[in-house]
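We count ligands from 1, going down the list as the structure has it; atoms in each ligand are counted the same way. In what follows, residues are counted from 1 in the order of the sequence shown. Scope of the values below: all heavy atoms of this structure, side chains included, with no hydrogens, waters or symmetry mates.
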Amino acid sequence: MEILDPQLQAYLDTHCDPEPEALREINRETYLKQLKPNMLSGHYQGRLLSMLSKIVQPKLILEVGAFTGYATICLAEGLAEGGKVHTIEVNREQEETLRKNYQLAGVDDRIELHIGDAQQIIFAIPENNFDLSFIDADKKSNLTYFELIINKTKPGGLIIIDNVLWKGKVYGEAKDVDTQLFRKLNDQIAVNTQVEKLILPVRDGVLVIRKK
Ligand SMILES: C[S@@+](CC[C@H](N)C(=O)[O-])C[C@H]1O[C@@H](n2cnc3c(N)ncnc32)[C@H](O)[C@@H]1O
């Protein structure tokens, strides 16, 4: 997904921390073997997720939409001692790759992988004290995921939602269904007084929400 000027992207990539070796390998393999490799967060956004996680030092993380596990591993970098990531992926065919990648990155003991539909699984996860969540699955359900997760988030906890600028279409004239769903999401979060919010123009737009 080339959202930024490639020269700017290259400059950013070379002036943030390098991509850890295991993530570089997962990135490479994803581009070799997956049908839609650009769904992966990638180097720069991955370093943002890692940085936010290290600031929060979460005990409990929730990820909605695991794909090949790239972002799960970035988020796991900031886990507090004894902490855990619940991650959810609907596509059963990703399970083997996910387990292999978590092992490669040495985080498999801290990851609980759920295969199935996120709405049912979020509802069924017994914990209701998440410190950090990353919503990055089927875009039409973003608002539902937010509403389910905010009730399971600690005060001061973060919820991060990906792709909220939707290739810039949210502030243009586009009238397609997906763009309208993203506008509705951003509009509703913008007036939600339960939370503080900031859209970062990183990649396709990363919405960082903090529960008051
Ligand atoms: C954009 S990719 C996730 C990328 C990953 N978070 C990363 O940054 O590397 C979206 C993933 O969500 C999964 N997904 C779509 N609908 C879902 C659902 N209802 N429940 C759980 N996962 C879903 C897709 O199969 C896909 O693997």
Does Lys100 pair with Glu96 as a salt bridge, N-O distance under 4.0 Å?
no
Identified side chain to side chain contact (heavy atoms under 4.5 Å, CB included) counterpart of Ile199 within the set Asn186, Ile209, Val170:
Asn186
For ligand 1, which atoms, with element, lie under 4.0 Å from some heavy atom of Asp138?
15 (C), 16 (N), 17 (C), 18 (C), 19 (N)
Is it the side chain (CB and beyond), the backbone, both or neither of Ala66 that lies under 4.0 Å from ligand 1, heavy atoms counted?
backbone
Non-hydrogen atom of Glu63 closer than 4.0 Å to ligand 1:
yes
Based purely on interatomic distance, does Ser41 place a nitrogen or oxygen under 3.5 Å from a nitrogen or oxygen of ligand 1?
yes
Do any nitrogen or oxygen atoms of Ala118 come within less than 3.5 Å of a nitrogen or oxygen of ligand 1?
yes
ring-ring contact (aromatic ring centres under 6.0 Å, His included) partners for Tyr11, two or more places apart
His15
Sequence neighbours excluded, which residues qualify as salt bridge (charged side-chain N to carboxylate O under 4.0 Å, His left out) partners of Lys154?
Asp131
Starting from atom 10 (C) of ligand 1, find the nearest protein heavy-atom neighbour and note its residue, name and distance.
Asp136 O, 3.1 Å
Note: heavy atom closest to atom 19 (N) of ligand 1, options Asp117, Ile135, Leu75, belongs to Asp117
Name the closest protein heavy atom to atom 21 (C) of ligand 1, giving the residue it belongs to and the distance to 0.1 Å.
Val90 N, 3.4 Å
Output yes when Glu77 and Lys54 qualify as a salt bridge under the 4.0 Å nitrogen-oxygen rule, no when they do not.
yes
One finds that the ligand 1 atoms under 4.0 Å from a non-hydrogen atom of Ala71 are 6 (N), 7 (C), 8 (O), 9 (O)
Thinking salt bridges, do Lys84 and Glu127 make one under a 4.0 Å N-O criterion?
yes
Cationic N near anionic O, under 4.0 Å, Arg24 to Glu29:
no
Under 4.0 Å from one or more heavy atoms of Met39, ligand 1 contributes atoms 1 (C), 2 (S), 4 (C), 26 (C)
Asp204 side chain to Lys167 main-chain N or O, any donor-acceptor pair under 3.5 Å?
yes
When distances are taken from atom 24 (C) of ligand 1, the protein heavy atom at minimum range is Glu89 OE2, 3.4 Å
Test: Lys169 and Asp176 ion pair at under 4.0 Å
yes
Could you say whether the N/O atoms of Asn91 and ligand 1 ever approach to under 3.5 Å?
no
Using a 4.0 Å cut-off to any heavy atom of Gly116, which atoms of ligand 1 qualify?
20 (N), 21 (C)
Any nitrogen or oxygen of Leu40, side chain or backbone, less than 3.5 Å from one on ligand 1?
no
Please indicate whether any nitrogen or oxygen in Gly69 is less than 3.5 Å from any nitrogen or oxygen in ligand 1.
no
Treating Ser50 as the side-chain partner and Gly46 as the backbone partner, does any N or O pair qualify as donor plus acceptor under 3.5 Å?
no
Below the 3.5 angstrom mark, is there an N/O of Gln94, backbone or side chain, next to an N/O of ligand 1?
no
